[in-house]
2 protein chains.
Amino acid sequence: MLNGRTPSVKDVAAAAGVSLGTVSNVMNRPAVVSARTRERVERAMSELGFVRNESARQLRAGTSRTLAYVMLDGSNPFFHDVAHGIELAAEDADLSLFICNSNSRADREETHLDRLLQQRVQGILITPVDPEAPHLRALTRRGVPLVIVDRRRADGSCCSVAVDDVHGGRVAVEHLAEQGHQRVAFIGGPDSLGQVRERLQGARAVWAELGRPADHLVYLPTAAMTVAEGRSAGERLAGLPARRRPTAAFCANDLLALGLLQQGIGAGLRVPEELAIVGFDDIEFAAAAAVPLTSVRQPRQELGRAAAQLVLDEATNPTHEHQQLFFTPELVARASSRAR
Amino acid sequence: MLNGRTPSVKDVAAAAGVSLGTVSNVMNRPAVVSARTRERVERAMSELGFVRNESARQLRAGTSRTLAYVMLDGSNPFFHDVAHGIELAAEDADLSLFICNSNSRADREETHLDRLLQQRVQGILITPVDPEAPHLRALTRRGVPLVIVDRRRADGSCCSVAVDDVHGGRVAVEHLAEQGHQRVAFIGGPDSLGQVRERLQGARAVWAELGRPADHLVYLPTAAMTVAEGRSAGERLAGLPARRRPTAAFCANDLLALGLLQQGIGAGLRVPEELAIVGFDDIEFAAAAAVPLTSVRQPRQELGRAAAQLVLDEATNPTHEHQQLFFTPELVARASSRAR
DNA sequence: TTGTATGCGTTATCAG
DNA sequence: CTGATAACGCATACAA
């Protein structure tokens, strides 16, 4: 009767000598079925190797048991830590997590979102290429629970979870100033990224408050937030005339900082004596660098956890209201910037 | 008629003034429907914002459009690169990829596999905690297409894709010997990992062939393949009496090597002059290290791609036969080991 | 407490 | 080329 097919509730019912509805009850409302029957059904299930068909369940129940996270850059460990936080929350809610990677490409992002819509995921978490993209707004219009992670939308038209980047910029530069640096470089870009702008803004603000001359905070723009760009920024930094050359650099993320560190050490610079470095994110590799990297720590897992909770609220709570959550990042001082 | 519901084929059919079957044809066999009708249907779709319900499709078609990869350790970028390779292949086949992370825990792995079975994924790729685990063998028994990635099963009872670890061990140690090192440490563990054993085996074989005394190749076992364990191995290394202390270390993966590098530099050692280091995997951070890391390169994306192709073959080709694919890793020499 | 019947949205078959 | 209809496997309302 089962010729090669994977067993269905019907087969289980037949094997256990009960009706199909009873089998379903065993799975979904175990309290309502007698212990003896339940046991018989369960034995039949395991004997047949029954595995419930999630598609059928979902079609009938009208609700899926999966969340999705579309991450921006799979080569940056930061996003994997965020994803891990989401997964922990998903697990608690007994949900599966679909992880996609847009690789910073809007078209890939759109393709992924399309598929996720087809899967009827319960909610979507995303670190978008562009928080204002029309295909994102379309999601909200469709009523798909959506949370933007590590970015935000100016108009608050959906939930988001991020850190206070301005504050992050402040503490980084404040720390470098405290260490006695008179000239500091800010490395990051492209400045179409809100984060880059805000971190720079915080840096400049605190620099001004400390009464330092504005042109002693040098902005070295990069084309991306990668190790390679960090190296290239390091070369530009080295090319500056000695008297105007910053003795410290604040990088908009850790990959840049790692690249800068590598370039500097390769060029024979002593870190932090000749070049102090502060990164941002505090990915694991920051602490593992040859000279452990000072970094502005984002609560990576917490970010993910909180985002997942927001999306679940939006998915289940009819009185849900959009929230913009902010975490306050804090400086983790390590050898790459410590007292000279 | 649509009160809040997400539109179905039926709604599209009504809106376009055609029958439901025609709408289905537009999606699945566009050639069979007239251009005019097709256009009308497509307009109706986009006006209503129709998105096909994948659960229903799957239930009816009996076949899902997703693959899954269960990775061993989300904190090791190596596995993300493998995942990326899988995703590229999945994309080519117009499939979605479910990524899970067992975090080296057998129970998490089993939970994930369970869920994937419920989803009726087309095939499962996995870097397992234990390739021989019964819950894995159960998959094969159920007829679920399965490919083991970066590990293998001795009996060839399923497909696998890996590199020749013995060869990897050979080239690493051969390289260090060529650089003039008389004493070399092998760092890795636990030795329950087949990879660790095989890399060590290759190392020992070539060492013997070169006529070096066996006890000049020192095995420093670790409890895991992490940065922290690399650091701790470095401390043990430093603790050896100077005359017996190896001047070079071959680490069973790059995380260990990075930890060792950090510990060594922190302790004031010059790399490679006083301590040469070779890693394994060649993750991106290897090249980005302060002293760029020599490493035995695994074709990470290729591994993933090939695995995906195998699983697809098993899923679709009735005459499929299990294959054990082997890639030959090659040494990428960088500053951490270069001529002194 | 258990059984029966219905429908979820889609695809495929087959008769117009 | 189009349209009606029967599954797919499960969950639920309702009947027994």
Side-chain angles (χ1 to χ4, degrees), chain A residues 1-42 44-45 48-65 115 117-122, chain B residues 1-42 44-45 48-66 115 117-122 142:
Chain A
M1 63 208 214
L2 221 99
N3 28 291
R5 258 184 334 97
T6 109
S8 74
V9 273
K10 208 188 287 182
D11 302 311
V12 174
V18 301
S19 90
L20 179 160
T22 301
V23 177
S24 179
N25 280 336
V26 169
M27 295 192 287
N28 303 303
R29 320 154 67 179
V32 95
V33 31
S34 78
R36 258 191 74 255
T37 315
R38 189 171 56 223
E39 204 199 324
R40 240 192 12 234
V41 171
E42 278 164 351
M45 283 187 182
L48 271 65
F50 170 79
V51 174
R52 143 215 279 113
N53 183 324
E54 174 63 21
S55 292
R57 201 220 107 257
Q58 179 174 329
L59 178 57
R60 172 60 228 222
T63 159
S64 90
R65 313 259 342 126
R115 273 235 232 287
L117 248 37
Q118 294 185 18
Q119 309 268 8
R120 299 288 194 273
V121 294
Q122 277 223 11
Chain B
M1 66 216 215
L2 223 97
N3 29 294
R5 260 185 330 99
T6 109
S8 74
V9 274
K10 208 189 284 179
D11 302 311
V12 174
V18 301
S19 90
L20 178 160
T22 301
V23 177
S24 176
N25 280 337
V26 168
M27 295 192 286
N28 304 303
R29 320 156 65 179
V32 96
V33 30
S34 80
R36 256 190 76 255
T37 314
R38 189 172 56 224
E39 205 199 323
R40 236 186 23 228
V41 170
E42 278 164 351
M45 283 185 178
L48 271 66
F50 170 80
V51 174
R52 127 186 326 97
N53 183 323
E54 174 63 22
S55 291
R57 202 220 105 256
Q58 180 173 328
L59 177 58
R60 170 62 228 214
T63 158
S64 88
R65 313 239 8 106
T66 65
R115 272 235 232 289
L117 249 35
Q118 294 186 17
Q119 310 268 7
R120 300 289 194 272
V121 294
Q122 278 224 9
R142 293 186 73 87

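We name chains A, B, ... by the order of the sequence lines, and we start the count at 1 in each one.
- Closest to the B/Arg60 side chain, of the nucleotides D/dA11, D/dC8, C/dT2, is D/dC8.
- Between the CE atom of B/Met45 and the P atom of C/dG9 there is a distance of 15 Å, given to the nearest Å.
- The pair B/Arg57-B/Glu54 counts as a salt bridge, with a side-chain nitrogen and a carboxylate oxygen less than 4.0 angstrom apart.
- Not a single donor-acceptor pair under 3.5 Å links the side chain of A/Arg29 to the backbone N or O of A/Val26.
- Residue-level contact check: A/Gly62 touches neither bases nor backbone, having no heavy atom under 4.0 Å from any strand.
- A/Ser8 has no side-chain polar atom (N or O) that falls below the 4.0 Å cut-off from OP1 or OP2 of D/dG9.
- What separates NZ of B/Lys10 from P of C/dG7 is a distance of 10 Å, to the nearest Å.
- Between the CZ atom of B/Arg36 and the C1' atom of D/dT2 there is a distance of 14 Å, given to the nearest Å.
- The nearest pair of heavy atoms linking A/Val41 to A/Ala16 is CA-CB, 4.0 Å.
- For the segment residues 25-34 of chain A, residues with any heavy atom less than 4.0 angstrom from an atom of DNA chain C are, sorted by number, A/Val32, A/Val33, A/Ser34.
- At whole-Å resolution of the value, CZ in B/Arg38 and C1' in D/dC1 are 12 Å apart.
- Summarising the geometry, the separation between CG on A/Leu59 and P on D/dA7 is reported as 17 Å, rounded to the nearest angstrom.
- Under 4.0 angstrom from either OP1 or OP2 of C/dT11 there lies at least one side-chain N or O belonging to B/Ser24.
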Between B/Glu42 and B/Phe50, does a side-chain contact (heavy atoms from CB on, under 4.5 Å) hold up when you go through it step by step?
CA-CA 10 Å; B/Glu42 278 164 351; B/Phe50 170 80; over 6 Å; no
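- Distances from the side chain of A/Ser19 to the nucleotides D/dC10, C/dT10, C/dG3 place C/dG3 closest.
- Rounded to whole angstrom, the span from the CG atom of B/Leu20 across to the P atom of D/dA6 amounts to 13 Å.
- Residue-level contact check: B/Val18 touches the backbone only, with heavy atoms under 4.0 Å from sugar-phosphate atoms and none from bases.
- Residues B/Thr63 and B/Gln58 have side chains that never bring a donor and an acceptor to within less than 3.5 angstrom of each other.
- When the side-chain nitrogen and oxygen atoms of B/Thr22 are compared with OP1 and OP2 of D/dG3, one or more of them lie within a distance under 4.0 Å.
- Here D/dG9 presents its P atom at 15 Å from CG of B/Leu117, a figure rounded to the nearest Å.
- One interatomic measurement links the two molecules: CG of B/Asp11 to C1' of C/dC8, which rounds to 13 Å at whole-angstrom precision.
- Side-chain atoms of B/Asn28 never come within 3.5 Å of backbone atoms of B/Asn25 as a donor-acceptor pair (strictly under, hydrogens ignored).
- Neither OP1 nor OP2 of D/dC1 sits under 4.0 Å from any side-chain N or O of B/Thr37.
- When the nearest nucleotides of DNA chain D are assigned to A/Val51 and B/Ala35 by heavy-atom distance, the more 5′-ward of the two goes with B/Ala35.
- Proximity of a side-chain donor or acceptor of A/Arg38 to a complementary backbone N or O of A/Pro30 within less than 3.5 Å is detected.
- Listed nucleotides: D/dA11, C/dT10, C/dG3. Nearest to the side chain of A/Arg57: D/dA11.
- Side-chain N or O atoms of A/Ser64 include one that pairs as donor or acceptor with a backbone N or O of A/Arg120 at under 3.5 Å.
- The side chain of A/Arg52 lies closest to D/dA11 when the candidates are C/dG3, C/dT2, D/dA11.
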